[in-house]
Student: 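Pasting in a structure now, in structure tokens, and then I'll have a few things to ask.
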Number of protein chains: 2
Amino acid sequence: MTQLQTMPVTADSLFEQLELAIHEHRIAPGTKLGEDEIGEIYGVSRTTVRAALQSLSHERLVELKRNKGAFVAQPSIKEAREVFEARSLLEPRTAHSAALRMTDEHIENLQRHIDAEHDALHSGDNGRALYLSGKFHIEIAQIADQETIAAFIKQLISRSSLIIALYWQRRSALCESNAHHALMSAFADRDGDRAQELMKSHLVDLITSLDLRNIESSPSSLRDALTR
Amino acid sequence: MTQLQTMPVTADSLFEQLELAIHEHRIAPGTKLGEDEIGEIYGVSRTTVRAALQSLSHERLVELKRNKGAFVAQPSIKEAREVFEARSLLEPRTAHSAALRMTDEHIENLQRHIDAEHDALHSGDNGRALYLSGKFHIEIAQIADQETIAAFIKQLISRSSLIIALYWQRRSALCESNAHHALMSAFADRDGDRAQELMKSHLVDLITSLDLRNIESSPSSLRDALTR
DNA sequence: GTGCGCAAAATTGTATACAATCTTGAAAAC
DNA sequence: GTTTTCAAGATTGTATACAATTTTGCGCAC
């Protein structure tokens, strides 16, 4: 099994492919990412793989253990709380700014994203739907024209994807995009205050849909605690 | 000129050395960081240097231009505003949390930092004083026990150091640590609300001490615009 | 059969070698 | 004298080779 594509695979493109695979839950938290293994799959040398893995570790999607290798990150419960705490500091205020700067074109783009998310969900591609759902938040930050904050939010959403993979409790409705629709309404009205409040509620709903009790739950982390 | 130390220089330690040098203004924004040049100075191969430079670029302290090399970042005026916008979203609330969790030991540590900052300032080592001043903010975030937010603040403060190097107007008093002393008072009282307000004011003062008018100022960026 | 020890295999960390791209500067054309 | 061309030098991007560390598993003692 070698060489999956004809275009030359650069360190950056490899980073993006791995990032997307993790974000779409095609690779599970805790999975070891061996340098030789990935190098053979994509037909590149370990040098290139290492650069990509290092980038992923900076985004906190991968944990590098010295002389041990790279593993898809497994955020702890404390880290999960911290990620949503950070999001609740950044995203509501950013939604406010975005609402005030929103153009008709922005709204159309966001609406298309919601539609695509809806399609993915109904075609059973939950990973894809989750990815698109996250991208919705990132685009809001970009509309707010705050690239610095947008970069933070982008990282936090990627990490949220790992958190959802680990702690999401099935009983809660899967990412019903009601919240996103409501946000769209506030954006259409250019109502900054309402957008801010809706985003705040949305994040509370999200964290509520997780099981963050310290019950030594998550099967993989227990197994991991014994072998590391 | 080779080999400055006897301990083996690892990619991580090289990252820290370069980060500190940039933070203390020993390397100016815009400086080219050639891989061979750094490698010879520290007695390591380009492989190690590249890993360190990549880490620095993730922290936004260095800009990597493909096939051109690594340069100490030169934040634009827009980016400078964004950095302080992000700080004003994160730091006041974090100071609030920190005040409520503050132990006597924490307060003693912070006080020692302020003293060291004071000493550095009076011994004329402005770069060192600036570094310690930034570290004060980082430690507050760590006391708040929010590692995720602390990591963001750490990056924002490093970038603030570059911003200060580019846009600080000499006429404003140099980082008078009055604001830090006032914060210490609020911390000593465990007064979260006051700490939050003081931090907010402190950040406003900081940005006010900068010259962020779009006058095509900063000599180096003009020269750079023509040569890139 | 169980547990320990140690050597071989495997994996990562770093250095070196080669390829691709960019920069420089001098010669030639005008 | 100025501009253009293009080749040589310099620098980065990637691959390969070697060193250091960790993991594995077989053999041996008990």
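In what follows, chains carry the letters A, B, and so on, assigned in the order in which the sequence lines appear, proteins first and then strands, with residues in each chain numbered from 1.
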Student: Looking at B/Arg81 and B/Glu85, is any side-chain nitrogen of the basic one under 4.0 Å from a carboxylate oxygen of the acidic one?
Tutor: no

Student: Going by the rule salt bridge (charged side-chain N to carboxylate O under 4.0 Å, His left out), which residues pair with A/Arg50 if we only count those two or more places apart in sequence or in a different chain?
Tutor: A/Glu35

Student: Compute whether any side-chain donor of one residue and acceptor of the other, for A/His106 and A/Thr103, lie under 3.5 angstrom apart.
Tutor: yes

Student: B/Phe71 has an atom CZ; how far is it from atom C1' of D/dT11, in whole Å?
Tutor: 10 Å

Student: Using atom NZ of B/Lys68 as one end and atom P of C/dT24 as the other, report the distance to the nearest whole Å.
Tutor: 11 Å

Student: Between A/Arg66 and C/dT14, is there a side-chain N or O to OP1/OP2 distance below 4.0 Å?
Tutor: yes

Student: Is the distance from OP1 or OP2 of C/dT12 to the nearest side-chain N or O of A/Lys32 less than 4.0 Å?
Tutor: yes

Student: According to the interplanar angle, ranging from 0 to 90°, do the rings of A/His180 and A/His202 count as parallel (below 30°), tilted (30 to 60°) or perpendicular (above 60°)?
Tutor: perpendicular

Student: Rounded to the nearest angstrom, tell me the gap between atom CD in B/Gln54 and atom P in C/dG13.
Tutor: 14 Å

Student: Using a cut-off of strictly less than 4.0 Å, decide whether A/Thr10 has a side-chain nitrogen or oxygen near OP1 or OP2 of D/dT14.
Tutor: yes

Student: Could you check how far CG of A/Asp36 sits from C1' of D/dC18, rounded to whole Å?
Tutor: 14 Å

Student: Find the distance A/Leu14:CG to D/dT14:P and express it as a whole number of Å.
Tutor: 10 Å

Student: What is the distance from CD1 of B/Ile38 to C1' of D/dT12, rounded to the nearest Å?
Tutor: 13 Å

Student: Roughly, in whole Å, what's the span from CZ in A/Arg46 to C1' in D/dA15?
Tutor: 11 Å

Student: Starting the side chain at C-beta, find the nucleotide from C/dT14, C/dA15, D/dT16 nearest to B/Ala11.
Tutor: C/dT14

Student: Which listed nucleotide (C/dA15, D/dT22, C/dT14) is nearest to the side chain of A/Asn67?
Tutor: D/dT22

Student: For DNA chain C, whose closest nucleotide is more 5', that of A/Ala70 or that of A/Thr47?
Tutor: A/Ala70

Student: For A/Glu35 and C/dT11, what is the distance between atoms CD and P respectively, to the nearest whole Å?
Tutor: 11 Å

Student: Is any NZ, NE, NH1 or NH2 atom of the basic residue among B/Arg128 and B/Asp119 found under 4.0 Å from an Asp or Glu carboxylate oxygen of the other?
Tutor: no

